[in-house]
Amino acid sequence: QQNLLAAVAVGLEPVVVTQPGFPRDLGVTEVPARDEVAGIAHHRMDPGPGYRDVPMDARLETWSWLALVVASGIGALACALLVVNNLRDIPTDTEAGKHTLAVRLGDRGTRALYVVLLALALVAVVVASVWWTPAALLALVAFIPVAPPIGAVLGGASGRDLVPVLAATGLIQLLYGITLATGLSLP
């Protein structure tokens, strides 16, 4: 609560969204959908009094697998960004005695990991399009600028030559998030 009050103090408008079933799980039966506590909006995700009668896996199956697939693609791209950064730092990290994943995998292994992570994000789009909606394929737009960074990484770019790869990977991640969210929100 103190963090929220601090956010209010600097002019922000924080919003609290509760977990499903709270505070009904604590025995509170009269649950308004929206409430204010100390001037902070609290929105309750309350599925109703009978929600506990439905098994947890049935409550989650409508969204959890999609969330896992989508988050895996986004996470793979975030890791790809970190992998490129660590690839660039292998010489200095080795010299400093750091044992990063890139140092442990070596130059060749780290370059392969970068490509695998991009491929995982692509697979996540395909899975989302097959299991949920073909509109998820809109996220393939994010892979249009993928050839130059993959070419640079597989071509042996190092040091400052990896800075454009970092920028391109960040752009791919941004495009991926926007286009995948848009595709999944289409009817």
Find out if a path of hydrophobic residues (ILVMFWY) with successive side-chain heavy-atom gaps under 4.5 Å connects Val130 to Leu140. yes
Please say yes or no: joined through hydrophobic side-chain contacts below 4.5 Å, possibly via intermediate residues, are Ile178 and Trp132 part of one cluster? no
Hydrophobic cluster mates of Leu186, side-chain heavy atoms under 4.5 angstrom, ILVMFWY only, any path? none
Got a sec, which pairs hit side chain to side chain donor-acceptor pair (under 3.5 Å) with one end in residues 151-161, sequence neighbours left out? none
Following the transitive rule for hydrophobic clusters with a side-chain heavy-atom cut-off under 4.5 Å over Ile, Leu, Val, Met, Phe, Trp and Tyr, establish whether Phe143 and Leu113 coincide in one cluster. yes
Out of curiosity, Leu117 CG to Leu122 CG, how far, rounded to the nearest 0.5 Å? 12.5 Å
Please tabulate, for side-chain N and O atoms in residues 74-93, each donor-acceptor pair with protein atoms closer than 3.5 Å (sequence neighbours left out).
from	atom 1	to	atom 2	distance (Å)
Asn85	OD1	Arg88	NH2	2.6
Thr92	OG1	Asp89	O	3.1

Determine, using the 4.5 Å side-chain heavy-atom cutoff (strictly less than), whether Val123 and Val141 are members of one ILVMFWY cluster. no
When the side chains of residues 167-176 are checked against the rest of the protein, which donor-acceptor pairs come out under 3.5 Å, sequence neighbours left out?
from	atom 1	to	atom 2	distance (Å)
Thr169	OG1	Tyr114	OH	2.7
Thr169	OG1	Val165	O	2.7
Tyr176	OH	Ala121	O	2.9

Strictly by side chain to side chain donor-acceptor pair (under 3.5 Å), give each pair with a member in residues 96-111 just once, sequence neighbours left out. Asp107-Arg111
Validation row: Leu180, Leu138 side chains within 4.5 angstrom (heavy atoms): no
With sequence neighbours left out, the residues meeting side-chain contact (heavy atoms from CB on, under 4.5 Å) with Val115 are Ile150, Leu154
Testing the basics here: between Thr179 and Ala139, what is the closest heavy-atom pair and its distance to 0.1 Å? OG1-CA, 3.1 Å
Out of curiosity, does Leu137 fall in the hydrophobic cluster containing Leu118 (side-chain heavy atoms, cut-off under 4.5 Å, transitive links)? yes
Minimum heavy-atom separation for Val69 to Trp131, with atom names? CG2-CZ3, 4.5 Å
